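What follows is a short report on a single structure.
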Amino acid sequence: MSGEATANAVLDIDLGALVGNWRRLRDRLRPGAICAGVVKADAYGLGADRVAPALAAAGCKLFFVAQIEEGVVLRRLLPEAEIAVLNGLLPGSAGEFVARRLIPVLNSLGEIAEWRHSGSGLPAIIHVDTGMARLGLPPGELARLAADPSLLAGTDLRALMSHLACAEEAGNPLNAAQLAAFAAARAALPPAPASLANSSGIFLGPSYHFDIARPGAALYGVNPLPGKANPMAQVIRLKGRILQTRDVDTGDTVGYGSTHRRGGPGRIATVAVGYADGWMRSLSNRGSVAIAGQRVPVVGRISMDLMTIDVTALDPQAVRPGCLAELIGPGNDVDAVAAAAGTIGYEILTSLGRRYHRVYSGGVA
Ligand SMILES: *Cc1c(COP(=O)(O)O)cnc(C)c1O
């Protein structure tokens with residue numbers, strides 16, 4: 001393994017900032033509500049093995065993952081935590097849920113029945129669909145459950161949850177419609193703690209907070225309020241190593257497909273990050289990086305392991321093999337990179353390369 005000094009790219013992950021974000025979200029919640037931590041997809045690409053213990057040390061007691069395999073890994077790290085699995089109970093998986101003390105998020109009457117027959121007093125969260133048409137009991141199944149509470153007999157109902165489709169658009173009428181549908185579902189089912197808000201949902205106000213909030217993206221620095229100032233602290237910084245520089249002149253082309261053609265003399269630097277590292281090919285000829293605090297444009301196609309930048313404007317002494325270019329950082333945060341790539345911060349984070357040399361700092365001692 002290469003060390004930081006020779007790594008092709010270095011990903012700094014600030015667990016102190018992450019924990020600060022969790023506290024900031026928790027402090028926004030209505031009194032009495034608890035703040036869970038969503039750590040699915042390896043904590044949005046940042047490393048669940050480091051992120052989840054840092055959140056637990058800060059007081060987070062309930063974690064959500066997507067897949068049972070993620071829950072199994074998390075259970076080894078956090079023997080005491082409550083761990084809920086959003087993708088629910090696949091046929092035949094109940095034994096593993098019980099053995100690992102994982103809480104399934106039950107998404108259908110079929111899952112509810114399978115869990116009930118797997119043992120008595122087993123904990124579960126029930127997910128009702130209020131407008132996503134993705135996971136959760138559809139309205140017809142909710143009505144059947146409401147009409148026959150014996151379907152839940154013996155199940156330890158830990159929470160009733162639903163998920164917002166448009167929480168990052170405060171003015172979207174679907175938010176209020178989902179809130180009303182969720183209130184109706186609560187009224188129809190046995191009493192249980194309620195959970196509706198993801199990161200952006202927390203910012204829709206206290207009527208969306210209920211008893212448990214489920215933020216993910218905002219913990220990791222993604223702006224829960226697109227188009228407005230980001231209330232969250234940035235958590236990651238990504239730096240790529242400059243491998244080589246060269247002079248180019250009028251008519252020279254740069255990279256695959258010769259998509260960038262020089263209109264005059266200049267200088268190109270090659271950085272050791274490419275689409276195999278999650279620096280998406282859609283960032284070809286898009287966006288910029290910073291060298292010694294100065295922004296320079298990406299030119300040419302992103303290739304698998306490399307990208308090229310136009311450093312004509314910089315002092316050649318500042319751009320030498322071994323120097324670092326900042327790809328994600330204060331002047332170019334996750335959301336800015338996502339905008340340039342035509343995607344959302346979530347996808348930038350969950351695409352972060354496995355080849356990056358990761359350096360964790362901060363956290364809770
Ligand atoms: C991923 C997910 C969350 C977290 O959403 P963010 O927008 O990342 O805060 C919450 N609830 C459910 C059901 C999810 O799938």
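Numbering starts at 1 and runs along the sequence shown. Being a predicted model, the structure only gives us computed values, none of them experimental. Whatever order the structure lists ligands and atoms in, that order sets their numbers, starting from 1.
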**Study point:** Residues which pass side chain to side chain contact (heavy atoms under 4.5 Å, CB included) with D211, listed by chain and number, not counting sequence neighbours
**Key:** R30, R186, P193, A194
Review point. Sequence neighbours excluded, which residues qualify as salt bridge (charged side-chain N to carboxylate O under 4.0 Å, His left out) partners of E326?
Key: R237
Practice item. Can you tell me which residues line ligand 1 if we count any heavy atom under 4.0 angstrom from one of its atoms, in chain and number order? Key: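 Contacting ligand 1 under 4.0 Å are V38, K40, Y44, L86, R134, M161, H163, N198, S199, R214, P215, G216, A217, Y346.
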Point to revise | Passing option when S108 is tested against H127, E141, E114 for side-chain contact (heavy atoms from CB on, under 4.5 Å) | key: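 Answer to the side-chain contact (heavy atoms from CB on, under 4.5 Å) test with S108 among H127, E141, E114: E141.
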Check your understanding: For F182, which residues count as a ring-ring contact (aromatic ring centres under 6.0 Å, His included) partner, sequence neighbours excluded?
Key -> F210
Review point. Do L11 and I236 have side chains that get closer than 4.5 Å, going by heavy atoms?
Key: yes
Review point. Is a side-chain donor-acceptor pair under 3.5 Å present for T259 with R301?
Key: no
